[in-house]
Every structure is written in structure tokens, then in C-alpha cells.
Amino acid sequence: MTFSNDKPIYIQMADRLCDEILSGKYQDDDRIPSVREYAVLLEVNTNTAVKAYEQLAREEIIYNKRGLGYFVTKGAKKQILKTRRKEFLKERLPELFRQMRLLDITFEDVAEAYKGLQDVK
């Protein structure tokens, strides 16, 4: 995984696990890789992975079964979607609209570009 400089690595790791939950790779009550396994997979320090898992546990996205590892909390996907949609509407959409105005991009332009992306799939 290539990490960006715009936010801490542990947050990017937590985001990646959330993406994997959203994509269906992990379902409710599925076991996720151990902290050590995930650290090795992403080539990061184990302490960084611990911070990512602790963050997700605080957010109740994952939970720990002592001696068995970490698992996806029931309803985690729904919770992630709710949080991300709220963030998108509050933080990213206003900037997108600002850029659209500056660049004179219409909703029709966006719809056409979106359609083109759908045709590629």
C-alpha cells in the first residue's frame, strides 16, 4: 500500500479496512487479519497497526475476541456508510461544487463523464 502524507498512516490503514468491509471482503462477524498479519501485509510497524485496530474498535467497527482475534461488528458496513456519506456531504462536496464553478463544469458534464465511466465497466 502506498501511503499519502495528508493523514497519519494508522488512519489510512483503518480507512483501508473500512474499504474492505464496504467492498464485501469482510462481512459481519468475519475474522479480519491479526494486527501482526496486517502490519506485515502493508509493510508497517506493528505499533502502527495496533493504533489502527484500536481506532476501529473505539468506533465499534471491529471487536476483539480474546485469544481469537478481531472480528467485524454487526452493522459495521452500515455505520461506515453513514459516517462516510456525512463526511462527503459536509467536507468534500462543497469543495467539488466550488471547483465546478471555477472550471465552469455543469451537472450535465458530470453526468456525461459518469456515464462514460459506467460504459467502461
Side-chain angles (χ1 to χ4, degrees):
M1 178 173 178
T2 304
F3 296 101
S4 65
N5 292 325
D6 64 338
K7 56 184 164 179
I9 291 174
Y10 81 95
I11 297 290
Q12 294 177 65
M13 290 179 68
D15 287 347
R16 178 184 165 133
L17 264 170
C18 287
D19 289 348
E20 291 172 342
I21 292 168
L22 289 175
S23 73
K25 182 173 183 176
Y26 302 113
Q27 305 287 325
D28 289 352
D29 293 316
D30 279 355
R31 184 182 177 282
I32 61 173
S34 72
V35 171
R36 204 171 260 107
E37 290 168 339
Y38 213 56
V40 168
L41 176 71
L42 300 181
E43 299 176 349
V44 300
N45 185 293
T46 304
N47 292 329
T48 304
V50 167
K51 284 179 74 171
Y53 277 52
E54 287 174 346
Q55 175 74 28
L56 291 172
R58 276 193 303 277
E59 294 173 4
E60 299 181 351
I61 302 297
I62 62 174
Y63 64 94
N64 188 4
K65 283 187 183 178
R66 189 176 176 125
L68 297 176
Y70 282 93
F71 295 80
V72 177
T73 302
K74 275 192 189 332
K77 183 175 182 175
K78 186 176 178 180
Q79 182 178 338
I80 295 165
L81 281 171
K82 180 181 175 183
T83 301
R84 289 210 176 161
R85 284 177 180 158
K86 185 177 178 180
E87 175 190 321
F88 179 83
L89 292 171
K90 183 179 179 186
E91 297 175 17
R92 297 183 188 194
L93 198 57
E95 176 59 19
L96 175 67
F97 287 152
R98 187 181 80 77
Q99 289 293 322
M100 286 175 64
R101 278 192 305 275
L102 287 173
L103 301 172
D104 195 28
I105 296 172
T106 66
F107 286 107
E108 291 78 18
D109 295 333
V110 172
E112 187 175 318
Y114 181 75
K115 184 182 181 304
L117 291 174
Q118 297 303 306
D119 292 341
V120 172
K121 290 182 180 178

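Residue numbers run from 1 in the order of the sequence given. All values reported here derive from a predicted model rather than from experimental measurement. Only heavy atoms go into these numbers, but all of them, side chains included; no hydrogens, no water, no symmetry mates.
Within the 4.5 Å cutoff, no side-chain heavy atoms of Ser34 are placed close to those of Tyr53.
Atom CG of Leu42 sits about 5.0 Å away from atom CZ of Phe3, to the nearest 0.5 Å. In this structure, Ile61 CD1 and Thr73 OG1 are separated by 7.0 Å, a value rounded to the nearest 0.5 Å. Within the model, atoms CD of Glu54 and CD1 of Ile62 stand 9.5 Å from one another, a figure rounded to the nearest 0.5 Å. In this structure, Leu41 CG and Arg16 CZ are separated by 5.5 Å, a value rounded to the nearest 0.5 Å. The distance from the CZ atom of Phe97 to the CE atom of Met100 is 6.5 Å, given to the nearest 0.5 Å. Within the model, atoms CZ of Phe71 and OH of Tyr26 stand 12.0 Å from one another, a figure rounded to the nearest 0.5 Å.
Side chains of Thr48 and Asn45: no donor on one and acceptor on the other come within 3.5 Å. One side chain, Asp29 or Tyr63, offers a donor N or O that lies under 3.5 Å from an acceptor on the other.
Around the CD atom of Glu37, the shell of radius 6.0 Å holds more than 12 heavy atoms that belong to other residues, nucleotides or ligands. Within a 6.0 Å radius of CD in Gln99, more than 12 heavy atoms belonging to other residues, nucleotides or ligands are found.
Under the 4.5 Å side-chain heavy-atom criterion for ILVMFWY residues, a single connected hydrophobic cluster contains both Leu96 and Leu103. Hydrophobic clustering places Val72 together with Leu81 (ILVMFWY residues linked when any side-chain heavy atoms are closer than 4.5 Å, directly or through intermediates).
The closest donor-acceptor contact from the side chain of Gln27 to the backbone of Gly24 lies under 3.5 Å.
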- Message: Ile32 vs Tyr38, test: side-chain contact (heavy atoms from CB on, under 4.5 Å). Steps then yes/no.
- Response: CA-CA 9 Å; Ile32 61 173; Tyr38 213 56; over 6 Å; no
- Task: Test side-chain contact (heavy atoms from CB on, under 4.5 Å) on Asp19 and Arg84 and set out the steps.
- Result: CA-CA 11 Å; Asp19 289 348; Arg84 289 210 176 161; 2.4 Å; yes
- Task: Tell me, with the steps shown, if Tyr10 and Val50 meet side-chain contact (heavy atoms from CB on, under 4.5 Å).
- Result: CA-CA 8 Å; Tyr10 81 95; Val50 167; over 6 Å; no
- Query: Can you check side-chain contact (heavy atoms from CB on, under 4.5 Å) on Cys18 and Leu56, steps first, answer last?
  - Reply: CA-CA 9 Å; Cys18 287; Leu56 291 172; 3.6 Å; yes
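The two residues Ala39 and Ala49 make their nearest non-hydrogen contact at CB-CB, 3.9 Å.
Taking the ring axis of Tyr70 as reference, the NZ or CZ atom of Lys65 does not stay both within 45° of it and closer than 6.0 Å to the ring centre.
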Under 3.5 Å, side-chain donor or acceptor atoms of residues 85-93 against the rest of the protein: list the pairs with distances, not counting sequence neighbours.
residue : atom : partner : partner atom : Å
Glu87   : OE2  : Arg92   : NH2          : 3.3

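Between Asp15 and Lys7 a salt bridge is recorded (basic side-chain N to carboxylate O distance below 4.0 Å).
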